[in-house]
Asker: 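Let me begin by handing over the structure; questions about it come next.
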Protein chains: 2
Amino acid sequence: MRELALKIKIYQVKVLSKSCVYGLRALLYIVSEKPRGAFVNIREISEQLEISFHFLTKTFQVLTEEGMLRSYRGPNGGIALVKEPEDIFLIDIVCALDGPDFFDKCLLGLAGCGEAAPCPAHDFWISHKAALREEFSTTSLAKMGTKINKEKLRLGP
Amino acid sequence: MRELALKIKIYQVKVLSKSCVYGLRALLYIVSEKPRGAFVNIREISEQLEISFHFLTKTFQVLTEEGMLRSYRGPNGGIALVKEPEDIFLIDIVCALDGPDFFDKCLLGLAGCGEAAPCPAHDFWISHKAALREEFSTTSLAKMGTKINKEKLRLGP
DNA sequence: CATATTTAAGATAAAATAGTATTAAATCTT
DNA sequence: AAGATTTAATACTATTTTATCTTAAATATG
């Protein structure tokens, strides 16, 4: 009897890490659903967005270390935004969770790629990444929160 | 004596997988350095671009399975492009190695995100990913090869 | 003060990705 | 035909990312 080999390939292209995506969704949830400066229960967020509680907790810990969130233990505790939503931009969250060089490095991963010694993809890639960086740098949590409520956009399943 | 804990965080944002980047660089090397249709020694490529020989071999195997390359064993063997460099586009390589949905899915990873039920990032993300897809779809290996030679662009260290 | 609630921190496990090594098969050269 | 060269295929190891679990610390409440 011959064996039938079936190979299935799972494709995945990453742009942002899971941690980063969870962080973005969670903060968008907070600004769109909760009053300003309120401490929000992590468990509630994890249930609403169907994200693992412990994983989300660790993600928030990074943001707390970075000074973006403050945390409060005990009953009615949780996490809260330190700054006003107008002053927090998407890029801040991405930088905190995925590093400062988001869309800022060579597509081909060559060290020192730049005007002086460009890789073949340099000039078309640089224009797109600059545009994306601009977009992320100028879009605040407040703006997104308003948009989410007005257009009834979804953050979870 | 107290212990001094030093935590170093390595940041990495992935756009393309290593395998995909290696594949792109390798094929660009072939079209910019070698005569058309020639069989190119994998070892040579790996040494020129400083990529692990075995890893590159595995990457080429995928491209061979996909029908983009043909391979030839034995002395003076190697791999060669099946189609003309004019007819191979960057997106073909990316699709073969990183999957067909490059820049084609929701930034926040929400299944079914689209016009009907968009996530908050949908409309600004969609325009950029469309532009990138367009760029990758219309840039051929031949075009890149010419450009690399004319502008003396680099593919390795 | 005791207890319940909640985040913090660390340990561990699972999954995905990247890299290495070994053996087999095909082809050329002599 | 024998041996050398080179890709193919498989197995193994290491690293990184993601996810889970457990314990500790802080806080509020009765």
Side-chain angles (χ1 to χ4, degrees), chain A residues 3 5 7-23 25-26 30 38-47 49-82 97-99 109, chain B residues 3 5 7-23 25-26 30 38-47 49-82 97-99 109:
Chain A
E3 246 182 63
K7 288 186 190 176
I8 298 178
K9 202 167 161 189
I10 305 297
Y11 292 120
Q12 194 172 15
V13 179
K14 263 185 224 169
V15 178
L16 299 175
S17 71
K18 284 258 179 126
S19 196
C20 186
V21 164
Y22 291 168
R25 287 171 57 202
I30 292 172
F39 280 95
V40 186
N41 187 306
I42 297 182
R43 180 136 262 137
E44 176 195 329
I45 302 173
S46 78
E47 283 169 0
L49 303 183
E50 288 189 18
I51 298 170
S52 148
F53 168 74
H54 291 288
F55 197 77
L56 192 55
T57 294
K58 242 192 325 196
T59 300
F60 283 144
Q61 275 172 34
V62 176
L63 295 177
T64 302
E65 279 168 19
E66 299 281 330
M68 186 174 299
L69 296 178
R70 98 180 85 229
S71 72
Y72 202 79
R73 299 180 183 185
N76 303 316
I79 47 104
L81 294 174
V82 170
L97 294 171
D98 270 352
Chain B
E3 247 184 64
K7 288 184 191 177
I8 298 177
K9 201 167 162 190
I10 306 297
Y11 291 121
Q12 195 173 15
V13 179
K14 264 184 224 169
V15 178
L16 300 174
S17 71
K18 284 260 178 126
S19 197
C20 186
V21 164
Y22 291 168
R25 287 171 56 201
I30 293 172
F39 281 93
V40 186
N41 188 306
I42 298 182
R43 179 136 262 136
E44 176 196 328
I45 302 174
S46 78
E47 282 168 1
L49 302 183
E50 289 190 17
I51 298 171
S52 148
F53 168 75
H54 292 288
F55 198 78
L56 193 54
T57 295
K58 237 187 338 188
T59 301
F60 282 145
Q61 274 173 35
V62 175
L63 295 178
T64 303
E65 280 168 17
E66 298 281 330
M68 186 174 299
L69 297 178
R70 97 181 87 225
S71 74
Y72 203 79
R73 299 181 184 188
N76 302 315
I79 48 102
L81 294 173
V82 170
L97 293 171
D98 270 352

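Quick note: numbers below take in every heavy atom, side chains included, and nothing from hydrogens, waters or symmetry partners. First the proteins, then the strands, lettered A, B, ... as listed; each starts at 1. Owing to the predicted nature of the structure, the values given are computational and were not obtained by experimental measurement.
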Asker: How far apart are the closest heavy atoms of R25(A) and L49(A), and which atoms are they?
Answerer: NH2-O, 2.9 Å
Asker: The helix from dC1(C)-dG30(D) to dT30(C)-dA1(D): angle between its terminal axes, five pairs each, to 10°?
Answerer: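 Nearest ten degrees gives 10° for this helix.
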Asker: A side-chain contact here means heavy atoms from C-beta on lying under 4.5 Å apart; do F53(B) and L56(B) qualify?
Answerer: no
Asker: Looking at every strand, decide which applies to F39(A) at a 4.0 Å heavy-atom threshold: base, sugar-phosphate, or nothing.
Answerer: nothing
Asker: Locate the shortest heavy-atom distance separating L97(A) from G23(A); write the atom from each residue and the value.
Answerer: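 Looking at all heavy atoms of both residues, the shortest contact is CD1-CA, 4.0 Å.
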Asker: Are any of S52(A)'s side-chain N or O atoms less than 4.0 Å away from OP1 or OP2 of dA19(D)?
Answerer: no
Asker: Could you give the CD-to-P distance, from Q61(A) to dT23(D), as a whole number of Å?
Answerer: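 The distance from CD of Q61(A) to P of dT23(D) comes to 18 Å, rounded to the nearest Å.
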Asker: Which atom pair, heavy atoms only, marks the closest approach of R43(B) to N41(B)?
Answerer: N-OD1, 2.7 Å
Asker: Hey, what's the ring geometry for Y22(B) with F55(B), parallel, tilted or perpendicular (30° and 60° as the breaks)?
Answerer: perpendicular
Asker: Quick one: do I30(A) and I79(A) satisfy side chain to side chain contact (heavy atoms under 4.5 Å, CB included)? Show the steps, please.
Answerer: CA-CA 10 Å; I30(A) 292 172; I79(A) 47 104; 3.5 Å; yes
Asker: Both Y72(A) and S19(B) contact DNA chain C. Which one's nearest nucleotide lies toward the 5' end?
Answerer: Y72(A)
Asker: Are the side chain of D98(A) and the backbone N or O of L16(A) linked by a donor-acceptor pair below 3.5 Å?
Answerer: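 The answer is no, because no donor-acceptor pair under 3.5 Å joins these two groups.
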Asker: When the distance from NZ of K18(B) to P of dA14(D) is rounded to whole Å, what number comes out?
Answerer: 18 Å
Asker: Please produce a list of atom pairs where a protein N or O lies less than 3.5 Å from an N or O of nucleotides 12-15 of chain C.
Answerer:
none

Asker: Quick one: E50(B) CD to dG19(C) P, roughly how many Å, whole number?
Answerer: 13 Å
Asker: Write down the atom of S52(A), the atom of S46(A), and the distance for their closest heavy-atom approach.
Answerer: C-CB, 4.3 Å
Asker: F53(A) CZ to dA8(C) C1': how many Å, rounded?
Answerer: 10 Å
Asker: Select base, sugar-phosphate, or nothing to describe what F60(B) touches, counting heavy atoms under 4.0 Å on all strands.
Answerer: nothing
Asker: As a test of reading the structure: which of dT22(D), dT22(C), dA8(C) is closest to the side chain of T57(A), going by heavy atoms?
Answerer: dA8(C)
Asker: Give the minimum heavy-atom separation between I45(B) and A26(B), together with the two atoms involved.
Answerer: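 That closest heavy-atom pairing would be CG2-CB, 3.9 Å.
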Asker: Please tabulate the protein-to-nucleotide N/O contacts below 3.5 Å involving nucleotides 1-5 of chain C, giving atom names and distances.
Answerer:
none

Asker: Roughly, in whole Å, what's the span from CG in L63(A) to P in dT7(C)?
Answerer: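 Checked: the CG to P distance equals 14 Å.
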Asker: What integer distance in Å separates F55(A):CZ from dT22(D):P?
Answerer: 19 Å
Asker: Give the rounded distance in Å between these two atoms: CG of L56(B) and P of dA8(D).
Answerer: 11 Å
Asker: Any idea which heavy atoms bring A80(A) and A38(A) closest together, and the distance?
Answerer: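 Residues A80(A) and A38(A), closest heavy atoms: CB-O, 3.3 Å.
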Asker: Going through the checks in order, is the side chain to side chain contact (heavy atoms under 4.5 Å, CB included) test met by K58(A) and V62(A)?
Answerer: CA-CA 7 Å; K58(A) 242 192 325 196; V62(A) 176; over 6 Å; no
Asker: When you measure from the side-chain N and O atoms of Y22(B) to the phosphate of dA18(C), is any distance below 4.0 Å, counting only OP1 and OP2?
Answerer: no
Asker: Compare all side-chain heavy atoms of F39(B) with those of N76(B) and state whether any distance is below 4.5 angstrom.
Answerer: no
Asker: Whole-Å distance between dT6(D) C1' and E44(B) CD?
Answerer: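 Checked: the CD to C1' distance equals 13 Å.
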